[in-house]
Chemist: 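Have a look at this one before I ask anything.
Just the heavy atoms: all of them, side chains too, but no hydrogens, waters or symmetry mates, feed the values below.
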Amino acid sequence: MEKRYVIGIDFGTESGRVVIADVELGGELAIHSTPYRHGTIVERLPGSGKALGHDWALQHPDDYLEVLRSSVPEVLRISGVSPSQVIGIGVDFTSCTILPVDVEGQPLCVQTRYSDDPHAYVKLWKHHAAQKEADRINEWAKASGETFMERYGGKSSSEWMVAKVWQVLNEAPDIYRAAHRFVEAGDWIVQQLTGKLVRSNCSAGYKAFWHKQDGYPSSHFFKQLDERLVDLTETKLAGDILPLGTRAGELTVEAAEMMGLCSGTAVAVAIIDAHAGVPGSGAVRSGQMVMAMGTSLCHLVLSHKEVTVEGVSGVVEDGMITGLYGYEAGQPAVGDLFGWYCEQAVPSYVQESASQVGISVHSWLERRAAELRQGQHGLLALDWWNGNRSVLEDTDLSGLIIGLTLATKPAEIYRALLESTAFGTRKIMEAFEEAGVQVEEIFACGGLPQRNRLFMQIYADVTGREIKIAATTETSALGAAIHGAVAAGPERGGYPDLATAAVRMARVREEIFRPIPEHKAVYDDLYRQYIRLHDVFGRGGLVMKELKRIKQKQNE
Ligand SMILES: Nc1ncnc2c1ncn2[C@@H]1O[C@H](COP(=O)(O)OP(=O)(O)O)[C@@H](O)[C@H]1O
Ligand SMILES: O=C(CO)[C@H](O)[C@H](O)COP(=O)(O)O
């Protein structure tokens, strides 16, 4: 039988990455990345230069199409695979990233009459300007005794679908009216490939309150939020919701021509990027946790049972692997926090020293920080540079470092920041286990495990757990490709289900990060202090909220 291949397309925060993988052997034959030309739009709209408000984060949908136009032909060229050998395509997307579209599925922002309105653009997952709407959703869910919010740890986020759509309605009612649908960007890409809108149970479940048995919350719930939202789910959010691993459709002639593939190729229902890391790491059983470590950190846990977990971002049946409940928790700034420090806060001598030895500032700081013993710097940080997305679920929280003195060095701060994210992860793991969701085996994937060994050893030492590393750097893209193989199905040379495909196509590295008992002992002590700080500033302490209020007022 002729060799068969699948393509996985991973849309991240800054770029889109495409892999081509061998259906039988797994692993990727070629990888290609296309950075987004407009990047993340945080200050001014492209073109008109219109200023954006505080906490805004937009993108331009043409940047996503450029990934299809450039990177798909490139992986075919590099690998030498013939288009006829590609049996399936899978797409994952950083989420909740949404856009308003017209009846044809065309984004409003590319239409001249709307292009000057920021609300016509893609709202990236890290757009946090809908916190007011999220607060009102949370207050009303609590007051009305709605039980669906328990699946989301009791609180929803400003990053999610309903808060973002409601912000559009509040601030740009004409855009809300003009939008035929609001769609997740992953579903929009699948629509560009197949010609039809199919929503994914993964993003609908984790980011839009949809449930396999109960559907969306009642129209009564939405009406109580705002009269104008009464028919939200039958109008702006309408569309078939299909489970992961299903074939959403087949490549249209136009999409096939754009990418140099064959029309009729199977296209999978889209998946959230971090969730694609689950099959991409080979995790398919209850008790396994995958940490998708990149710009942010998502903790994804598979379990046979559904329980309420404090601060969980969401639990969705079949939301990662068919037949299991998939739990998600997370930290919204991890790589981004270290990146902020390297770019915004280190003195010039660090940058010069790094460039003299030809390494990145991250690597230079990692080397110096690795020379320190645990706790030797006397510092402790709260990792909330982009708010808290776990047990506290509050995007108004902010970062903090204590213990600074005139003798503090940049590598010490860098190490304290790495440690703060590991403490945040330990808190999340404890919340799972206290709720009865056991974490028996841990995999790490994403860009960070391959780039920073100290970071991984700190995670093993702080959590006291062994950590296995996914073999590929492009775990989400491989996970998406695995979805492509299932969408193709056995009749086209693919697989019958996600678990079978993941076991065949995903690998871990031989090296495992193991906790070192002496390190763990010091970290246990520091973790106790972290929890004290966490509770003082996170539970009821109003300092950070007040700072944000003053800042917003002064920025008006
Ligand atoms: N050596 C390093 N150590 C720690 N963080 C790093 C290092 N190199 C890059 N980063 C951070 O990793 C993040 C990018 O992670 P990556 O997994 O490539 O992207 P994404 O999350 O968008 O898929 C950036 O936020 C960057 O600051
Ligand atoms: O909320 C998410 C997953 O549920 C986002 O996709 C994620 O937090 C951002 O991902 P990345 O760090 O890969 O850009």
Side-chain angles (χ1 to χ4, degrees), residues 4-11 16 18-21 23 61 64-65 67-69 71-73 75-76 83-93 95 97-99 101-107 180-205 208 210 237-273 275-276 279 318-319 322 477 479-498 501:
R4 289 147 289 127
Y5 301 92
V6 276
I7 286 181
I9 314 176
D10 166 40
F11 290 91
V18 178
V19 303
I20 185 159
V23 172
Y64 309 145
L65 297 179
V67 175
L68 303 179
R69 290 189 288 255
S71 289
V72 176
V75 293
L76 287 172
S84 63
Q85 292 174 286
V86 177
I87 61 166
I89 302 171
V91 172
D92 71 77
F93 216 110
S95 170
T97 299
I98 64 153
L99 63 159
V101 296
D102 68 11
V103 72
E104 309 290 338
Q106 206 190 33
H180 176 63
R181 299 279 183 264
F182 284 89
V183 292
E184 275 277 351
D187 297 333
W188 182 73
I189 290 291
V190 168
Q191 186 180 12
Q192 302 312 298
L193 299 180
T194 63
K196 47 181 187 170
L197 174 64
V198 167
R199 295 187 189 263
S200 156
N201 73 321
C202 180
S203 42
W210 178 85
L237 300 187
D240 288 342
I241 299 177
L242 294 190
L244 293 180
T246 312
R247 188 184 303 168
E250 294 178 342
L251 264 195
T252 60
V253 172
E254 301 76 45
E257 267 171 19
M258 168 172 75
M259 299 187 292
L261 287 169
C262 298
S263 60
T265 307
V267 179
V269 165
I271 178 169
I272 299 176
D273 60 347
H275 303 55
D318 304 333
T322 320
I482 288 171
H483 278 254
V486 180
E491 68 280 10
R492 296 191 184 190
Y495 291 103
D497 56 67
L498 287 169

Chemist: Name the one of Ile89, Leu193, Val91 that satisfies side chain to side chain contact (heavy atoms under 4.5 Å, CB included) with Leu68?
Modeler: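 Of Ile89, Leu193, Val91, side chain to side chain contact (heavy atoms under 4.5 Å, CB included) with Leu68 is met by Leu193 alone.
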
Chemist: When you look at Val269 and Val190, which way does the side-chain contact (heavy atoms from CB on, under 4.5 Å) test go after all the steps?
Modeler: CA-CA 7 Å; Val269 165; Val190 168; over 6 Å; no

Chemist: Closest approach of Val486 and Gly245, non-hydrogen atoms and distance?
Modeler: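 That closest heavy-atom pairing would be CG1-O, 3.4 Å.
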
Chemist: Are side-chain heavy atoms of Val75 and Val19 found at a separation under 4.5 Å?
Modeler: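 Side-chain contact under 4.5 Å: no.
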
Chemist: Kindly indicate whether the side chain of Ile20, heavy atoms from C-beta on, has any atom under 4.5 Å from the side chain of Leu76.
Modeler: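 Yes, at least one pair of side-chain atoms sits under 4.5 Å.
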
Chemist: Do side-chain atoms of Arg4 reach the backbone of Ile87 as a donor and acceptor pair under 3.5 angstrom?
Modeler: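 Checked: no pair found.
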
Chemist: When rounded to the nearest 0.5 angstrom, what distance separates NE2 in His483 from SG in Cys202?
Modeler: 7.5 Å

Chemist: side-chain contact (heavy atoms from CB on, under 4.5 Å) for Leu251 and Val267? Distances and angles first, verdict last.
Modeler: CA-CA 7 Å; Leu251 264 195; Val267 179; 4.2 Å; yes

Chemist: Does Ala185 have any side-chain contact (heavy atoms from CB on, under 4.5 Å) partners at least two apart in sequence or in another chain, and if so, which?
Modeler: Tyr64, Phe93, Thr97, Leu99

Chemist: Are Ile7 and Leu261 packed together at the side-chain level, in the sense that at least one heavy-atom pair is separated by less than 4.5 angstrom?
Modeler: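 Touching, per the 4.5 Å side-chain cut-off.
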
Chemist: Could you tell me which non-hydrogen atom of Ile241 sits nearest to which non-hydrogen atom of Ala204, and how far apart they are?
Modeler: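 Residues Ile241 and Ala204, closest heavy atoms: CD1-CB, 4.1 Å.
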
Chemist: Taking all non-hydrogen atoms of both residues into account, name the closest pair between Val23 and Tyr495 and its distance.
Modeler: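 Val23 and Tyr495 have their closest heavy atoms at O-OH, 2.6 Å.
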
Chemist: Strictly by side-chain hydrogen bond (donor to acceptor under 3.5 Å, both in side chains), give each pair with a member in residues 181-194 just once, sequence neighbours left out.
Modeler: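 Qualifying pairs: Ser95-Glu184.
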
Chemist: Grab the two heavy atoms, one from Val6 and one from Gly484, that are nearest each other, plus how far apart they are.
Modeler: CG1-C, 3.8 Å

Chemist: Measure the shortest side-chain to side-chain distance between Phe11 and Ile9 over non-hydrogen atoms and say whether it is less than 4.5 angstrom.
Modeler: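 Phe11 reaches Ile9 side chain to side chain.
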
Chemist: Ser71 and Gly16: which non-hydrogen atoms are nearest, and at how many Å?
Modeler: OG-O, 4.4 Å

Chemist: Under the 3.5 angstrom rule, does the side chain of Arg247 hit a backbone N or O of Ala488 as a donor-acceptor pair?
Modeler: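 Side chain of Arg247 to backbone of Ala488, a donor-acceptor pair under 3.5 Å: yes, one is there.
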
Chemist: What pair of heavy atoms forms the shortest contact from Ala480 to Ala276, and how long is it?
Modeler: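 Minimum heavy-atom separation between Ala480 and Ala276: N-CB, 4.1 Å.
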
Chemist: How long is the gap from CG on Asp240 to CG on Asn201, to the nearest 0.5 Å?
Modeler: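 The distance works out to 12.5 Å.
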
Chemist: Under a 3.5 Å distance rule, please check whether Asp318 uses its side chain to pair with a backbone N or O of Leu244 as donor and acceptor.
Modeler: no

Chemist: Does the side chain of Arg199 come within less than 4.5 Å of Val183's, by heavy atoms?
Modeler: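 Yes - at least one pair of side-chain heavy atoms lies under 4.5 Å apart.
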
Chemist: Can you name the residues that form a side-chain contact (heavy atoms from CB on, under 4.5 Å) with Glu257, not counting sequence neighbours?
Modeler: Val253

